[in-house]
2 protein chains.
Amino acid sequence: MYKTPMNDATRCFRRGPGELVVLGMLAHRPMHGYRMFRTLCESDDKIVYALCMNEGTLYPLLYRLERKGLVAGAWEKAGLRRRRRHYHITAEGRREYQHLGQAWHTLVRAVGTICAFKEAA
Amino acid sequence: MYKTPMNDATRCFRRGPGELVVLGMLAHRPMHGYRMFRTLCESDDKIVYALCMNEGTLYPLLYRLERKGLVAGAWEKAGLRRRRRHYHITAEGRREYQHLGQAWHTLVRAVGTICAFKEAA
DNA sequence: GTCTTATACATCGGAGAGCAATGTATTGTC
DNA sequence: GACAATACATTGCTCTCCGATGTATAAGAC
């Protein structure tokens, strides 16, 4: 029987582009979690808003990325007693970001090939 | 507290573009399941191959689409005693296909906005 | 000064879907 | 007759998403 050799472009985005998006934001500039959340979910830009994700999705996603060494977080002071976790992308994170970007590009081209969309917005 | 209003473009593709891809193939022409599988996973076209999915993914996906009335299947003869299930897209399936296509387009633009890719292949 | 809202992170339970593996049966090829 | 290809089916495991809820601090209204 034919055995499926899994494809990277598909595998990377089996659960959506969440990792890519978070790495993309952090590649642009360091941020803390809640700010990423608001950026995606309250952006005036209707386009960006399409990437809105739940807090219960975003925080565990950040923890996973941190465990994998793709981002690094550090507690910083925000007020007198308040702390927040400041994240930045690591060198390995940038490599993975490049990789995911390629895979995303491949996936998009593939979908475009199968589904010949009319290029109307 | 800010309550997340979930977004369609994201929600539709939380589990990848599988539905869109299958509807896209069937919008082009009717096919049976194994042929779809081979089209995605054994295509000479390296681009299309990016959409390769497991049989254990594809068949349940087809059953879901059929339950939702987006595709319709009918057994046909293939040889003397062999049968296979011939699928075609329904009118409702075409509407959903348009809808998913829009959502996909939105998602792609959104990711492109957050992750400013270099347009090199 | 207290009430309300916003900021900021954390976590739990349920559900849905992907994948590897395996199984059944038929057909083609050497 | 053996082996591969065709074609569909199903099970168990795992992962991740989401909604909900919780904790705590800070800011603004009045």
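All figures in this text were calculated on a predicted structure; none of them were measured in a lab.
- Residue-level contact check: F13(B) touches neither bases nor backbone, having no heavy atom under 4.0 Å from any strand.
- For L80(B), counting side-chain heavy atoms from C-beta on, the closest listed nucleotide (dC19(C), dC18(D), dT27(C)) is dT27(C).
- Other residues, nucleotides and ligands place no more than 12 heavy atoms under 6.0 Å from the CZ atom of R35(B).
- R14(B) contributes no side-chain N or O that forms a donor-acceptor pair with the base of dC17(D) under 3.5 Å.
- Considering only side-chain atoms of R81(A), the nucleotide from dT25(D), dG19(D), dC9(C) that sits closest is dT25(D).
- One atom, CD of E19(B), and another, P of dA17(C), lie 8 Å apart when rounded to the nearest Å.
- Residue G56(A) is in base contact, counting any heavy-atom pair closer than 4.0 Å across all strands shown.
- Counting non-hydrogen atoms under 4.0 angstrom, R64(B) reaches the backbone sugars and phosphates but no base.
- Spacing between atom CZ of R38(A) and atom C1' of dT5(C) amounts to 11 Å, rounded to whole angstrom units.
- Put simply, the side chain of T90(A) gets close to the backbone of G69(A): a donor and an acceptor are under 3.5 Å apart.
- Between F37(A) atom CZ and dG19(D) atom C1' the separation is 12 Å, expressed in whole Å.
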Is there a side chain to side chain contact (heavy atoms under 4.5 Å, CB included) between R95(A) and E92(A)? Walk through the geometry before answering. CA-CA 5 Å; R95(A) 281 194 293 276; E92(A) 205 187 330; 3.8 Å; yes
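- One atom, CZ of R84(B), and another, P of dA7(D), lie 5 Å apart when rounded to the nearest Å.
- Among the atoms of the strands shown, none is found under 4.0 Å from any heavy atom of R35(A).
- The heavy-atom pair separating L107(A) from P17(B) by the smallest distance is CD1-CG, 4.2 Å.
- The shortest distance between the side-chain N/O atoms of Y34(B) and the OP1/OP2 oxygens of dA5(D) is not below 4.0 Å.
- Applying the 3.5 Å distance criterion, the base of dC18(D) shares no donor-acceptor pair with the side chain of E55(A).
- The CZ-C1' distance, from R85(A) to dA10(C), rounds to 13 Å in whole Å.
- Taking the side chain of R83(B) as heavy atoms from C-beta on, and the options dG19(D), dC8(D), dC17(D), the nearest nucleotide is dC8(D).
- One finds no side-chain N or O of N54(A) lying less than 4.0 angstrom from the OP1 or OP2 phosphate oxygen of dC17(D).
- Nearest-nucleotide mapping onto DNA chain C: of Y59(A) and G18(B), the residue sitting toward the 5' end is Y59(A).
- Not one N or O on the side chain of E96(A) forms a donor-acceptor pair closer than 3.5 Å with the backbone of L70(A).
- In this structure, W75(A) places its CH2 atom 14 Å from P of dA24(D), rounding to the nearest Å.
- Here the nucleotide nearest the side chain of H32(A), chosen from dC18(D), dA6(C), dC9(C), is dC9(C).
- Looking at heavy-atom distances under 4.0 Å, R15(A) makes contact with a base.
- dA20(C) atom C1' lies 15 Å from atom CG of L58(B), rounded to whole Å.
- Between F13(B) and W104(B), the angle of the ring planes goes over 60°, which puts this pair in the perpendicular group of the 30/60° scheme.
- Between L61(B) atom CG and dG18(C) atom P there is a gap of 6 Å when expressed in whole angstrom units.
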